[in-house]
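Structure first, then comments.
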Amino acid sequence: MFQIRSAKTTDVPAISKIAAPLVDNRVLLGKEMVETYEAIQQFVVAEQDSKLLGFGALHVMWQDLAEVRTLAVDEQSKRQGIGKALLFELEARAKALGVTRVFCLTFEKEFFSANGYQVISDVPVDPATYAELVRSHDNGVAEFLDLARVKQNTLGNSRMLKHL
């Protein structure tokens, strides 16, 4: 049986290894290793017998809004409930922080739909919040806002939202 835990800096090489084929296939955006180290506190991992099976990250964007980022499971470990367990843990952490809505940008529409996410076409924030978010230098926030500068990253993805 696998366990879900907070990621450690020593997990970064394994996270990068699991992500590599997904980055090559343009399913995930590539990240420099330094970016993963910088954001390690946002990550949770699934582990069994000291082997990393999957990972995901939660990035808070606003008072009531966070994004599930880079949720991935090792190819040999799929269809064992690992992705769902990682997603539930990220949502639990979002709730603990006071977040009431979780966003994702994904090719895995069926997976997220089965877990309560709905496709959105608009940017579900009021104009004042939009004006604040647009100041962010984070590409994930820019993707949420559907800004032109990140359109090449979002082609083919579904923008999805869940109310917790």
Side-chain angles (χ1 to χ4, degrees), residues 1-61 65-97 99-121 124 138-141 143-144 146 150-164:
M1 193 66 192
F2 63 88
Q3 68 171 16
I4 306 293
R5 63 168 173 80
S6 295
K8 302 175 186 175
T9 55
T10 53
D11 295 321
V12 171
I15 289 170
S16 296
K17 184 178 179 183
I18 291 171
L22 298 169
V23 170
D24 291 344
N25 290 328
R26 300 181 60 114
V27 173
L28 288 179
L29 286 177
K31 289 187 178 188
E32 299 297 332
M33 220 177 224
V34 67
E35 292 176 277
T36 305
Y37 281 115
E38 288 172 341
I40 198 65
Q41 70 278 5
Q42 298 178 4
F43 281 80
V44 295
V45 297
E47 175 183 66
Q48 184 175 20
D49 300 326
S50 300
K51 181 184 181 209
L52 203 73
L53 306 175
F55 62 89
L58 180 74
H59 180 80
V60 175
M61 297 193 302
L65 184 65
E67 179 185 8
V68 170
R69 290 189 173 174
T70 60
L71 181 64
V73 175
D74 182 66
E75 192 62 39
Q76 289 74 38
S77 301
K78 288 189 174 181
R79 303 278 184 233
Q80 297 177 31
I82 296 166
K84 187 173 188 172
L86 287 164
L87 182 60
F88 282 176
E89 177 62 24
L90 293 171
E91 290 173 353
R93 290 176 182 221
K95 287 178 189 175
L97 292 169
V99 169
T100 57
R101 299 180 301 158
V102 181
F103 165 79
C104 68
L105 184 67
T106 184
F107 288 106
E108 299 295 334
K109 187 175 166 183
E110 282 185 38
F111 170 79
F112 282 97
S113 290
N115 287 290
Y117 288 73
Q118 296 179 336
V119 173
I120 59 170
S121 58
D138 185 273
N139 279 339
V141 174
E143 290 167 345
F144 172 74
D146 205 24
V150 292
K151 286 284 190 194
Q152 70 278 8
N153 297 341
T154 63
L155 295 176
N157 283 319
S158 293
R159 301 170 78 243
M160 302 183 80
L161 187 74
K162 179 178 182 177
H163 292 269
L164 301 177

Atom [atom1] of [X]: over 12 foreign heavy atoms under 6.0 Å:
X: Gln3; atom1: CD; answer: yes
X: Gln41; atom1: CD; answer: yes
X: Lys84; atom1: NZ; answer: no
X: Gln118; atom1: CD; answer: no

* Hey, are Asp138 and Arg69 close enough for a salt bridge, meaning a charged N less than 4.0 Å from a carboxylate O? -> yes
* Asked: Taking NZ, NE, NH1 and NH2 as the nitrogens, is one of them in Glu91 or Lys95 under 4.0 Å from a carboxylate oxygen of the other?
  -> no
Under a 4.5 Å cut-off applied to non-hydrogen side-chain atoms, are [X] and [Y] in contact?
X: Glu108; Y: Ser113; result: no
X: Glu32; Y: Val34; result: yes
X: Leu71; Y: Phe112; result: yes
X: Lys8; Y: Ile40; result: no
X: Glu143; Y: Val141; result: no
X: Cys104; Y: Arg159; result: no
X: Tyr117; Y: Thr106; result: no
X: Thr9; Y: Tyr37; result: yes

Smallest separation among heavy atoms of [X] and [Y], with atom names:
X: Phe55; Y: Ile18; answer: CE2-CG2, 3.6 Å
X: Gly81; Y: Phe2; answer: O-CZ, 3.8 Å
X: Ala19; Y: Leu28; answer: CB-CD1, 4.2 Å
X: Ile120; Y: Leu161; answer: CG2-CB, 3.8 Å
X: Leu53; Y: Ser77; answer: CD2-OG, 3.4 Å
X: Lys162; Y: Gly116; answer: CG-O, 3.6 Å

* To do: With salt bridge (Lys or Arg N to Asp or Glu O under 4.0 Å) as the test, would you mind laying out the steps for Asp11 and Lys17 before giving the verdict?
  => CA-CA 10 Å; Asp11 295 321; Lys17 184 178 179 183; over 6 Å; no
* Are Val12 and Met33 close enough, and set up right, to give a side-chain contact (heavy atoms from CB on, under 4.5 Å), and what steps lead you there? -> CA-CA 7 Å; Val12 171; Met33 220 177 224; 3.6 Å; yes
* To do: Would you give the length of the straight line joining atom CG of Leu90 to atom CG of Leu58, rounded to the nearest 0.5 angstrom?
  => 5.5 Å
* Taking it one step at a time, do Glu89 and Arg93 satisfy salt bridge (Lys or Arg N to Asp or Glu O under 4.0 Å)? -> CA-CA 6 Å; Glu89 177 62 24; Arg93 290 176 182 221; 2.6 Å; yes
* To do: Please report the C-alpha distance between His59 and Gln42 in whole Å, then the side-chain angles of each, then the deciding distance to 0.1 Å, and finally whether the side-chain hydrogen bond (donor to acceptor under 3.5 Å, both in side chains) criterion is met.
  => CA-CA 6 Å; His59 180 80; Gln42 298 178 4; 3.1 Å; yes
* Can you check side-chain contact (heavy atoms from CB on, under 4.5 Å) on Thr70 and Phe43, steps first, answer last? -> CA-CA 9 Å; Thr70 60; Phe43 281 80; 3.6 Å; yes
* Kindly indicate, with the supporting measurements, whether the criterion side-chain contact (heavy atoms from CB on, under 4.5 Å) is fulfilled by Leu97 and Val60. => CA-CA 9 Å; Leu97 292 169; Val60 175; 3.8 Å; yes
* Asked: Knowing that exactly one of Asn115, Leu86, Leu105, Val102 qualifies, which makes a side-chain contact (heavy atoms from CB on, under 4.5 Å) with Val68?
  -> Val102
* Asked: Parallel, tilted or perpendicular: which describes the rings of Phe103 and Phe144, with under 30° parallel and over 60° perpendicular?
  -> perpendicular
* side-chain contact (heavy atoms from CB on, under 4.5 Å) between Leu52 and Ile15: does it pass, once the steps are laid out? -> CA-CA 8 Å; Leu52 203 73; Ile15 289 170; 3.7 Å; yes
